[in-house]
A.B. asks: 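Here it is, the structure in full.
Nothing here was measured: the structure is a model prediction, and the numbers come from that model. Note that these values count all heavy atoms, side chains included, but never hydrogens, waters or copies made by symmetry.
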2 protein chains.
Amino acid sequence: MQNDVAHRRLRELILDGTYPPGARLTELDAAAALQMSRTPVREALRALAANGLVRPTGRGVVVVALDPADLEDAYQVRAALEALTAETAARRQRDGRIAPADLVALEDLAATTAGATDAGRLSEAVALNRRFHRRVAELAGNAIALDTLDRVWDQIHVSTLRSLAPPARHAHVTAQHTDLLAAIRAGAPEEAGRVARLHVLDTRASAGDLSARPA
Amino acid sequence: MQNDVAHRRLRELILDGTYPPGARLTELDAAAALQMSRTPVREALRALAANGLVRPTGRGVVVVALDPADLEDAYQVRAALEALTAETAARRQRDGRIAPADLVALEDLAATTAGATDAGRLSEAVALNRRFHRRVAELAGNAIALDTLDRVWDQIHVSTLRSLAPPARHAHVTAQHTDLLAAIRAGAPEEAGRVARLHVLDTRASAGDLSARPA
DNA sequence: ACTGCATGCATTGCATGCAAACAATGCGCG
DNA sequence: CGCGCATTGTTTGCATGCAATGCATGCAGT
């Protein structure tokens with residue numbers, strides 16, 4: 001009950017845009033693509049549907065394509081949860097329950113992310129950015145929040161794939177990362193939560209602008 | 001791709017305690033219980049795992065049993081999301097985007113819930129309580145938040161099944177419901193969010209106390 | 001030309017069979 | 001008496017086959 005190759009591979013194919021939002025996918029298609037029989041593919045499709053990456057539709061499934069309103073909703077959820085995890089992480093730091101090495105590693109990651117962003121290595125920057133946010137959430141030590149965030153991140157990722165544009169004001173984004181780290185390091189929960197929420201909502205703003213004028 | 005009888009029925013069996021937290025479940029067992037072949041059951045099990053109701057373990061799956069720390073985490077997530085939805089609902093009300101009938105219906109539901117709680121009809125009260133919270137979340141019109149909350153509610157529900165004790169201070173709980181409704185009706189987002197968060201965390205306190213001294 | 005219907009086809013739902021993995025058990029050997 | 005190893009049984013992973021469903025296509029009748 002843990003050999004989900006089909007699930008993992010299909011998730012990859014969706015996240016990297018091979019199956020873009022709105023793409024219809026039948027069991028047979030997917031099975032052919034993965035060179036497997038329909039059985040494991042069916043299971044994977046169910047799991048993906050449960051994770052909100054794919055939506056059942058009459059025959060077959062379609063890759064989710066969040067409309068602007070849904071995307072806004074997703075960002076609201078993400079903001080609420082990242083505020084929670086940032087706040088929790090800061091509290092843990094204040095209580096001395098965070099290993100100094102973890103904080104340093106996180107600061108390194110932030111720097112690497114900023115570097116990739118500045119250099120315009122887009123997809124790498126996106127991946128690093130997600131890893132940064134995920135690490136922050138990990139610091140909170142809330143497995144359920146992390147799990148939930150993974151879902152939301154995936155959903156947002158899929159629906160913002162086409163707008164893989166460089167963040168308009170990436171110096172701003174980098175600065176916000178720095179602020180967040182500072183608040184966590186200082187053990188200031190309130191501040192960390194506030195910064196995290198605003199940062200997510202800022203990201204939304206740019207993604208929203210882009211998704212407002214696509215195909 | 002939407003005929004999940006197996007998924008729905010297994011979910012029911014887990015939520016109503018037929019398969020209690022920690023129960024091990026093999027595909028064959030479940031298939032026998034549902035009188036189906038293993039194939040649809042496997043799909044259901046994968047979906048349940050994706051929804052966090054069941055956890056893969058070596059052979060077969062076990063029904064999730066959140067330890068007290070995880071339960072606390074789940075309540076934190078729930079509180080953050082219910083604060084968001086309450087806040088959003090209040091904002092919508094303020095902007096006149098909520099049908100008056102919906103608010104009235106919600107107040108009725110709150111009254112019914114209070115009645116069942118007072119009368120000590122425990123399982124009915126639990127069900128009504130969840131419906132009340134769900135309706136509030138629906139008012140926010142955020143489908144993704146609702147979806148996410150459903151997951152978290154399910155997870156919490158499973159792990160608090162054994163402690164089906166009457167809420168210690170149910171007058172208090174009822175009062176908080178009233179306060180929440182008032183804040184929404186008044187179109188006071190900040191207040192609604194605050195009340196919702198505190199209400200959830202209060203609930204947690206009592207559930208936590210109970211789960212601290214179980215089997 | 002348009003509507004209604006029937007036929008065919010794509011696609012899903014489910015069962016069954018088989019092979020591989022893993023765990024437990026019992027056996028032989030030291 | 002204890003330890004290691006082989007054997008057996010359980011359970012999963014996957015493929016295939018078949019039946020049922022619903023959609024699209026084309027034909028006929030108006």
A.B. asks: Within residues 44-55 of chain A, find the residues that approach DNA chain D with a heavy atom at under 4.0 Å, and present them sorted by residue number.
C.D. replies: none
A.B. asks: Please tell me which of A:Val5 and B:Asp29 maps to the more 5' nucleotide of DNA chain D, matching each residue to the nucleotide holding its nearest heavy atom.
C.D. replies: B:Asp29
A.B. asks: Restricting to salt bridge (charged side-chain N to carboxylate O under 4.0 Å, His left out), what partner residues turn up for B:Arg134, sequence neighbours left out?
C.D. replies: B:Glu138, B:Asp150
A.B. asks: Can you name the salt bridge (charged side-chain N to carboxylate O under 4.0 Å, His left out) partners of B:Arg42, sequence neighbours left out?
C.D. replies: A:Glu43, B:Glu27
A.B. asks: According to side-chain hydrogen bond (donor to acceptor under 3.5 Å, both in side chains), does anything in residues 54-69 of chain B pair up with another residue at least two apart or in another chain? List the pairs.
C.D. replies: none
A.B. asks: Run the salt bridge (charged side-chain N to carboxylate O under 4.0 Å, His left out) test against A:Glu124 and tell me which residues pass, sequence neighbours left out.
C.D. replies: A:Arg121
A.B. asks: I need the residues from residues 32-41 of chain A with at least one non-hydrogen atom less than 4.0 Å from DNA chain C; give them sorted by number, or say none.
C.D. replies: A:Arg38
A.B. asks: Listed by chain and number, what are the side-chain contact (heavy atoms from CB on, under 4.5 Å) partners of B:Pro40, not counting sequence neighbours?
C.D. replies: B:Ala6, B:Met36, B:Ser37
A.B. asks: So what does A:Gly58 touch, heavy atoms closer than 4.0 Å: a base, only the sugar-phosphate, or nothing?
C.D. replies: nothing
A.B. asks: Assess the side chains of A:Gln76 and B:Asn142: does a donor N or O sit below 3.5 Å from an acceptor N or O?
C.D. replies: no
A.B. asks: What pairs meet the ring-ring contact (aromatic ring centres under 6.0 Å, His included) rule with one or both residues in residues 138-159 of chain A, with sequence neighbours excluded?
C.D. replies: none
A.B. asks: Could you give the start and end, 5' to 3', of the contact zone on DNA chain D for chain B, using atoms under 4.0 Å from its heavy atoms?
C.D. replies: D:dT10 to D:dG13
A.B. asks: Just to verify, what does A:Arg91 make a salt bridge (charged side-chain N to carboxylate O under 4.0 Å, His left out) with, not counting sequence neighbours?
C.D. replies: A:Glu87
A.B. asks: With sequence neighbours excluded, give me every ring-ring contact (aromatic ring centres under 6.0 Å, His included) pair touching residues 19-60 of chain B.
C.D. replies: none
A.B. asks: State which residues pass ring pair (Phe, Tyr, Trp, His ring centres under 6.0 Å) with A:His7; sequence neighbours excluded, sorted by chain then number.
C.D. replies: none
